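To find a chain, count down the sequence lines: A is the first, B the second, and so on, and within it residues start at 1. If you're wondering where the values come from, they're calculated on a predicted model, not measured in any experiment.
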2 protein chains.
Amino acid sequence: MSDAVAQYNPSISVDCVVFGFDSKNLKILLIDQNGDSLNDSKLKLPGSLVRKNRDLDEYADLVLKELTGLDNVFLRQLYTFGSADRISLKQDREWIEKTYSVSIRRIVSTAYYSLIKIDHSNEELMERSHNARWYNVSSVRTLALDHYRILTKGLEVLRMELRFNPIIGFELLPEKFSLRNVQTIYEAITGINYDNRNFRKKLGQAKYLTPLGEKQKGVAHKPALLYRFDKEKYFNTRKEINLFYI
Amino acid sequence: MSDAVAQYNPSISVDCVVFGFDSKNLKILLIDQNGDSLNDSKLKLPGSLVRKNRDLDEYADLVLKELTGLDNVFLRQLYTFGSADRISLKQDREWIEKTYSVSIRRIVSTAYYSLIKIDHSNEELMERSHNARWYNVSSVRTLALDHYRILTKGLEVLRMELRFNPIIGFELLPEKFSLRNVQTIYEAITGINYDNRNFRKKLGQAKYLTPLGEKQKGVAHKPALLYRFDKEKYFNTRKEINLFYI
DNA sequence: GCAAAAGTGTTATGCCTACACCCATGC
DNA sequence: GCATGGGTGTAGGCATAACACTTTTGC
């Protein structure tokens, strides 16, 4: 993304809602627009203008790769924001014009959402090179541009998806996790508190959770058994849902 | 959409997947690219390039209004198609360049889907002024550009939506309909055959179906009772779905 | 009277919900 | 030994799934 500015299309951008989970809270990766802690600084979603004749999807991939160093992460299109007045603040407009050296009118932005297994090893890199950091989703109140709206849409879709494609939850969990972790992530995303006996009973029926016969270590309570998510079994054993709701 | 071509943004278009229902089959509104029945003719989705600084949504509305004369129809964003090679056929590229007098590179297209109560009164108009006609979705095999893929996506989303927002089904039905109509539309969209006793039992629980005490007329069998969909009751009586699937 | 589609009830099964206590560990 | 979170079973109610015959109309 260091090519000559003339190649950028001043009409189209991609923005990424990057979700993570730290075993307690749902997190989102945000960038400090000004790169420092000036009073005027505002957080924004990672994103980029798109070069002419380039795939939108490819660009979303690129943004993520540059930001986190990660490849092959879960990434899916969310929604396209195309109102004429999305860049209403002068401050936002100036920031874009300065950053990309283009004069803009309206920018149509296609938003993607991504699910990341948070790995503390690359946090320092993210922060140094992109001023990117994880924030609790629940504590975010405003963002630059219309990015808060995009985040809201991301949450909405995440909630919907989780109900039917539990794989969404496991994309956020590390390789080894406890059943409690699964419940916590469901609760963090849906906002519903589940009865733990019933929740575990249901998970118990899932063929795709392989117990590792291994326990948590160094916790000051009964250590939890750890599980692994078996993608293959997941896709092979899922049954069609024929239900509908009135 | 008859303004000077220079105002069009050669990067962004909207395309509409317009669904209808004729009490038997799920239908889609398609346009004959060439306006006549030449051998080379291919069907496409209704759509348009978007003018600079105009809302995407507004444009989708406009396309529909021009096409059907209808206002305030159900219209929702579907997906944005942005691969670099979506206009792979020379024939398609030439058609676009000729129609809009612009030279194009890649076009990012935001697709919308719309649900229409088919009214035979405006069919002639649609056909004369836009070469638009209803086709059975199940008999469509190919379309111009990547429009078949867009249709497929539309169907996929329609299926998903119907399960949780039954309102989708009633957008396609006329004011007065029989319970059999409801079942047929569910079957047409989901591809599942429902047991009619169970299906009706479930519908019987819905508060939003008001019986009109009126019967079908002129049918060579036991006439069905007619119902009306009560939007207000629908939104007031729907209960939250807390379920999730493993 | 016959063809064609509308309409109707019961039973078995499985899923969801609600609910309270013991267990293993670190300090 | 105590604080902390992990882990467990049962019973009642409700929704689903499977299944076949009668009714009303037009011709």
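- In this structure, the CD1 atom of Ile192(A) is 14 Å from the C1' atom of dT17(C), given to the nearest Å.
- The nearest heavy atom of DNA chain C to Asn242(B) and to Ser178(B) marks one nucleotide each, and the one closer to the 5' end goes with Ser178(B).
- Looking at Lys231(B) and Glu171(B), a side-chain N of the basic residue comes within less than 4.0 Å of a carboxylate O on the acidic one, giving a salt bridge.
- Ring planes of Tyr194(A) and Phe244(B): perpendicular class, angle over 60° (limits at 30 and 60°).
- In this structure, Leu179(B) reaches neither bases nor backbone, as no heavy-atom distance under 4.0 Å exists between it and the strands shown.
- Note that Lys153(A) lies in the cation-pi zone of Tyr79(A), set by a 6.0 Å cut-off to the ring centre and a 45° limit from the axis.
- Following rounding to the nearest Å, Gln183(B) (CD) and dA5(C) (P) show an atom-to-atom distance of 14 Å.
- The nearest whole Å value for the distance from the CZ atom in Phe199(A) to the P atom in dT17(C) is 12 Å.
- Remark: C1' of dT16(D) and CD1 of Ile241(A) are 15 Å apart, rounded to the nearest angstrom.
- When rounded to the nearest whole Å, the span between NZ of Lys202(A) and P of dC15(C) equals 10 Å.
- Ring pair Phe170(B)/Tyr208(B) is perpendicular by interplanar angle, where above 60° counts as perpendicular and below 30° as parallel.
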| query | For nucleotides 18-27 of chain C, read 5' to 3', which letter fits each nucleotide if B means a protein heavy atom sits under 4.0 Å from the base, S means only the sugar-phosphate is that close, and - means neither? | reply | BBB--BBBS-
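- In the displayed structure, Glu175(B) atom CD is contacted under 6.0 Å by at most 12 heavy atoms of other residues, nucleotides or ligands.
- Between Glu240(A) atom CD and dT16(D) atom P the separation is 17 Å, expressed in whole Å.
- Arg180(A) has no side-chain polar atom (N or O) that falls below the 4.0 Å cut-off from OP1 or OP2 of dG5(D).
- Note on Glu187(A) versus Arg180(A): salt bridge recorded, some NZ/NE/NH1/NH2 to OD/OE distance being below 4.0 Å.
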